[in-house]
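Structure, as structure tokens:
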Amino acid sequence: MDEAAHERIRAAVAAIPAGTTSTYGAVAAEAGLPGRARLVGRVLREDGHDLPWHRVLRADGTCAPHVAQEQAARLRAEGILVEGGRLPKAFRSRREP
DNA sequence: TGCTTGACGCGCT
DNA sequence: AAGCGCGCCAAGC
């Protein structure tokens with residue numbers, strides 16, 4: 001495995017401002033691993049327990065199937081309303097064109 | 001050693 | 001709008 005990349009991914013997730021969200025692809029790209037979105041998911045599964053993983057959504061703004069409930073609840077706590085398991089575009093402030 | 005799986009992304013139909 | 005397939009790569013079996 002790639003421990004350096006692993007750490008950069010954690011850093012990228014930790015750097016997501018509270019009240020905003022990002023995506024797996026964006027986090028991967030910011031960690032210097034473009035196209036490795038899946039790797040981000042792996043890392044969050046293994047080491048995401050101390051990170052704001054709930055701020056990380058899929059590229060289309062939907063929550064990850066495994067944690068959708070938990071994530072939606074946490075996002076609400078951050079002031080982000082999730083409708084139908086989907087996040088309003090307006091909240092996607094990180095790495096969006 | 002080699003195949004399958006998976007917190008994903010993106011283009012095409 | 002919704003679904004399907006392909007690419008990426010580390011882990012698990």
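In the text below, chain A, chain B and the rest are named by the order of the sequence lines, each starting its count at 1. No experiment lies behind these values; they were computed from the predicted model shown. All heavy atoms count here, side chains included; hydrogens, waters and symmetry mates do not.
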Does the pair A:Glu3 and A:Arg10 meet the rule for a salt bridge (charged side-chain N to carboxylate O under 4.0 Å, His left out), with working shown?
CA-CA 11 Å; A:Glu3 197 54 51; A:Arg10 284 190 274 173; 3.7 Å; yes
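Partners of A:His66 by side-chain contact (heavy atoms from CB on, under 4.5 Å), not counting sequence neighbours: none found. Under the rule for a salt bridge (Lys or Arg N to Asp or Glu O under 4.0 Å), A:Arg36 has no partner lying at least two apart in sequence or in another chain. For A:Val56, the side-chain contact (heavy atoms from CB on, under 4.5 Å) partners at least two apart in sequence or on another chain are A:Val13, A:Ile16, A:Tyr24, A:Val27, A:Leu44. With sequence neighbours left out, the side-chain contact (heavy atoms from CB on, under 4.5 Å) criterion links A:Ala4 to A:Asp2, A:Arg8. Remark: A:Arg38 engages no residue in a salt bridge (Lys or Arg N to Asp or Glu O under 4.0 Å) (not counting sequence neighbours). For the salt bridge (Lys or Arg N to Asp or Glu O under 4.0 Å) test, no residue two or more places apart in sequence or in another chain qualifies with A:Glu7. Under the salt bridge (Lys or Arg N to Asp or Glu O under 4.0 Å) criterion, A:Arg45 pairs with no residue, sequence neighbours left out. Every residue two or more places apart in sequence or in another chain was checked for a side-chain hydrogen bond (donor to acceptor under 3.5 Å, both in side chains) with A:Gln69, and none qualifies.
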Can you give one letter per nucleotide of nucleotides 7-13 of chain B, 5' to 3': B if a protein heavy atom sits under 4.0 Å from the base, S if only from the sugar-phosphate, - if neither?
BBSS---
Side-chain donor/acceptor pairs under 3.5 Å, residues 75-82 of chain A, sequence neighbours excluded:
unit_1  : atom_1 : unit_2  : atom_2 : d
A:Glu78 : OE1    : A:Gly19 : N      : 3.1
A:Glu78 : OE1    : A:Arg55 : NE     : 2.9
A:Glu78 : OE1    : A:Arg55 : NH2    : 3.4
A:Glu78 : OE2    : A:His54 : NE2    : 3.4
A:Glu78 : OE2    : A:Arg55 : NH2    : 3.2

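Protein chain A touches strand DNA chain C; the 5'-most and 3'-most nucleotides with an atom under 4.0 angstrom of its non-hydrogen atoms are C:dG7 to C:dA11.
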Dot-bracket notation for DNA chain C, counting Watson-Crick and G-U pairs under 3.5 Å, with | for partners on another strand:
.||||||.|||||
